[in-house]
Protein chains: 2
Amino acid sequence: MVAKATIDDVAALAGVSMKTVSRVVNNEPNVRAATREKVAAAIAALDYRPSQSARSLAANRSYVLGLLYDNPSASYVIDVQAGALATCRRAGYDLLIHPCKHDSEELTQEVLLLARQSRVDGLILTPPLSDIAELVQGLVEAQVPFVRLSPTENKAACPYVQTNDQEAAYDMTCKLLELGHTRIGFIAGHPDHKAVTERYLGYLAALKENDLRYDRTLVEQGYNSFDSGRECAARLLDLPDAPTAIFASNDDMAAGVIIEAHHRGIAMPVELSVAGFDDTPVAHQIFPSLTTVRQPIVEMAGKAAELLIKLLKGKSVQMPAAIMSCRILERESTHQVQP
Amino acid sequence: MVAKATIDDVAALAGVSMKTVSRVVNNEPNVRAATREKVAAAIAALDYRPSQSARSLAANRSYVLGLLYDNPSASYVIDVQAGALATCRRAGYDLLIHPCKHDSEELTQEVLLLARQSRVDGLILTPPLSDIAELVQGLVEAQVPFVRLSPTENKAACPYVQTNDQEAAYDMTCKLLELGHTRIGFIAGHPDHKAVTERYLGYLAALKENDLRYDRTLVEQGYNSFDSGRECAARLLDLPDAPTAIFASNDDMAAGVIIEAHHRGIAMPVELSVAGFDDTPVAHQIFPSLTTVRQPIVEMAGKAAELLIKLLKGKSVQMPAAIMSCRILERESTHQVQP
DNA sequence: CTGAAAGCGCTAACAA
DNA sequence: TTGTTAGCGCTTTCAG
């Protein structure tokens, strides 16, 4: 490897002090335009690249954000990563990923270590970690800067980004009602995953709004997985008075519904309408393709990283920080109820 | 944040020198057991955590590995990340993710920057980046340590990990032949993605081995995506003498085949057998569930990280470094040919 | 607007 | 087996 130029080399070549070079590199004010150009030329000539480790040690910041998640959906995680990274790159930050177990005993300690070792300057939490009270509490106490995606509790703890997904669940339910369905099955999300379970509230609100009585047998407890969706669907379809539409709290479970219906020879969407939530890749790779809700995950994560960086710069961030909109995607799996 | 203890504090409390503490922390030899314990006690008492930035600067290594990828399959990327991270954690490393564009002009420069800024000590390249000659060349020249997953070219450049996936493609084709299929359509992978396109060789070898003449019209050029798979399927199914089985080079394209067949009212697997490759989540979320090939991706990535860390420690790594085995998963989408 | 000096917290090289 | 002395390459502080 070619010997790397240091800030001293640049300073010498430009005929200025180290500090001036530092100012130019960091876009600090108080440098004459002419000086700035001279330094820029020297930097270019030497192909100088600041050492991150030296910067980190001296400035006591790593210029790295940590992304925490415990989510089995690969597409969700990839989207969050992509959004966060896009912002990071623009701002000169890198992203350290840190998958973990939301039910681990040592979760808080493990995460605090990241900050204590000065590996990350701040953290982005995604559901269901956004709602782990102990973790949130621990970060607040240790004064580690962080932002959350889709938290449902203790929203004052830190800035956050969320969507109107409860409203979208309401709209989706209304759409099914408009199609003439009166018996709409619902598959709830994993109890530990608040952001998903709250979609249930949208379902309930829509029923109430339309004066439909709430039938407890139409609601099944799922666990966000394909298999759990399939099991819930089996129970719903076994009902003497089975639903004509099933709304699952996420796409994986909705896919389970569709597969279970296929195996029973139920024609979709004519005999059964199915709706999901998330617009994961499976939603359009399945037959019939799934009517679902798309959240702007990439944008949310980008916004979250943006808020975090703002926070790191000491700027105050007003809360609630950002609420973004979901969109219903009507595809093949929903249909007018049959007489 | 509580004032963090430094190595000096530990040394003072333990009544030894800074260097001895350093030795204990880094598990270096030449410390008496008693001293080691004394230091360990002091570390525990102060809850001392070494600063990564200071370590990085002094030792000139970041203890961070970089993971490079340009792969649209979320599940593939997540699996690679999981495998690499598992190894990293055991070895005290962190993982920086770096998605990029394999056809970008500045790819090599951009990647070299990561190493030059001392952000990463070494890199893991995944397909299709494993086969970007300029990038590989650039890393070799800059003496940046790296390992590759599933490279097909210039294998002497660095250690690598691969699977016997060409053999698996051969086996899968044989399996279809055994089921009585003689007209087996094949959907090739994206030309830029060598690791996928080479599966075609397995298909060809199986035909040859079984004395089946090669029919050019049965082979379609796909681009790894669901949509391209669907388009290829449409062309194959439009053939006057359409195939009774279609083998797609990956699951996304196979899913496209299944959906296209559904829309044409073709009963699967009775009228058409479909096989894929990769065992992505869609493979079992689709109807009929997909017969496919599972590569041990998590293990491969773990092994790759292991090799890289070995390399960083100056140990020599023999090449070819590791070849891992694929497994065919027979599910619902393949069936005896109909008379 | 610019610069000199003093570290950041650790490891490396060398002594003892 | 242990300790001492120098830095690593930057940013910060404070002086000009």
Side-chain angles (χ1 to χ4, degrees), chain A residues 1 3-40 42-43 46-64 92 115-119 121 312-314, chain B residues 1 3-40 42-43 46-64 92 115-119 121 312-314:
Chain A
M1 207 153 1
K4 293 186 275 187
T6 73
I7 198 169
D8 285 303
D9 302 327
V10 177
L13 183 62
V16 299
S17 79
M18 214 164 109
K19 177 64 216 183
T20 300
V21 177
S22 171
R23 285 199 180 91
V24 173
V25 168
N26 296 295
N27 277 313
E28 283 170 32
N30 296 336
V31 181
R32 232 188 322 174
T35 315
R36 199 177 285 278
E37 274 171 35
K38 218 167 38 178
V39 172
I43 288 175
L46 296 173
D47 195 23
Y48 164 72
R49 308 291 167 169
S51 150
Q52 289 302 331
S53 1
R55 267 156 71 91
S56 300
L57 181 57
N60 196 29
R61 13 217 246 92
S62 63
Y63 304 94
V64 173
R116 295 201 40 206
Q117 292 192 137
S118 48
R119 292 222 120 145
D121 291 340
L312 294 176
K313 288 188 174 150
Chain B
M1 209 155 357
K4 293 186 276 188
T6 73
I7 198 169
D8 285 303
D9 301 328
V10 177
L13 183 61
V16 298
S17 79
M18 212 165 111
K19 180 63 216 182
T20 300
V21 177
S22 171
R23 285 197 179 94
V24 173
V25 168
N26 295 296
N27 275 314
E28 281 169 34
N30 296 336
V31 181
R32 231 186 324 176
T35 315
R36 198 178 286 278
E37 273 171 36
K38 217 167 43 180
V39 172
I43 288 176
L46 296 173
D47 195 23
Y48 164 72
R49 308 292 169 168
S51 150
Q52 289 303 330
S53 2
R55 265 155 73 91
S56 300
L57 181 57
N60 196 29
R61 10 213 249 92
S62 62
Y63 304 94
V64 173
R116 295 200 41 205
Q117 292 193 137
S118 48
R119 291 219 121 147
D121 291 339
L312 294 176
K313 289 188 175 151

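To find a chain, count down the sequence lines: A is the first, B the second, and so on, and within it residues start at 1. Keep in mind it's a predicted model, so treat the numbers as computed, not measured.
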Ignoring the backbone of [X], work out which of [options] is nearest its side chain.
X      : options                  : value
A59(B) : dT11(C), dC10(C), dG3(D) : dT11(C)
L57(B) : dT1(D), dC8(D), dC10(D)  : dC8(D)
T20(A) : dT2(C), dT2(D), dT12(D)  : dT2(C)
R32(A) : dT2(C), dT11(D), dG3(C)  : dT2(C)

Which comes earlier along DNA chain D counting from the 5' end, the contact point of N30(B) or that of N26(A), where each point is its nearest nucleotide? N30(B)
First encountered from the 5' end of DNA chain D, between A54(B) and R36(B): R36(B)
Nearest heavy-atom neighbours spanning E28(B) and R36(B): O-NH2, 3.0 Å
For a quick test of reading the model, state the closest non-hydrogen atom pair linking S62(B) to R119(A) and the distance between them.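 That would be O-NH2, 3.5 Å.
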For [N], does either OP1 or OP2 sit under 4.0 Å from a side-chain N or O belonging to [X]?
X      : N       : result
T6(B)  : dG9(C)  : no
S22(B) : dC10(C) : no
S51(B) : dC8(C)  : no

Can you measure [X] atom [atom1] to [N] atom [atom2] for me and round it to whole angstrom units?
X       : N       : atom1 : atom2 : answer
R61(A)  : dC8(C)  : CZ    : C1'   : 14 Å
I7(B)   : dC10(C) : CD1   : P     : 5 Å
M18(B)  : dT2(D)  : CE    : C1'   : 14 Å
Q117(A) : dC10(C) : CD    : P     : 11 Å
D9(B)   : dC8(C)  : CG    : P     : 11 Å
Y63(B)  : dT11(C) : OH    : P     : 6 Å
K19(A)  : dA4(C)  : NZ    : P     : 13 Å
R116(B) : dC10(D) : CZ    : P     : 12 Å

dG9(D) base / R49(A) side chain donor-acceptor hit below 3.5 Å: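 Side chain to base: no pair below 3.5 Å.
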Would the distance check show the side chain of S56(B) and the main-chain N or O of Q52(B) forming a donor-acceptor pair, the cut-off being under 3.5 Å? yes
Check: S53(A) side chain, S53(B) main-chain N or O, donor-acceptor pair, under 3.5 Å: no
Just checking D8(A): does its CG atom have more than 12 heavy atoms from other residues, nucleotides or ligands closer to it than 6.0 angstrom? yes
Take atom CG in N26(B); do more than 12 heavy atoms of anything else shown fall under 6.0 Å from it?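 Yes, the 6.0 Å shell around CG holds more than 12 heavy atoms from other groups.
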Quick one: on DNA chain C, does R23(B) or R55(B) contact a more 5' nucleotide (nearest heavy atom)?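 Its nearest nucleotide lies further toward 5', so the answer is R55(B).
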Counting the atoms with a prime plus P, OP1 and OP2 as sugar-phosphate, which does [X] contact under 4.0 Å by heavy atoms, base, sugar-phosphate, or nothing?
X      : result
P29(A) : nothing
S53(B) : nothing
S56(B) : nothing

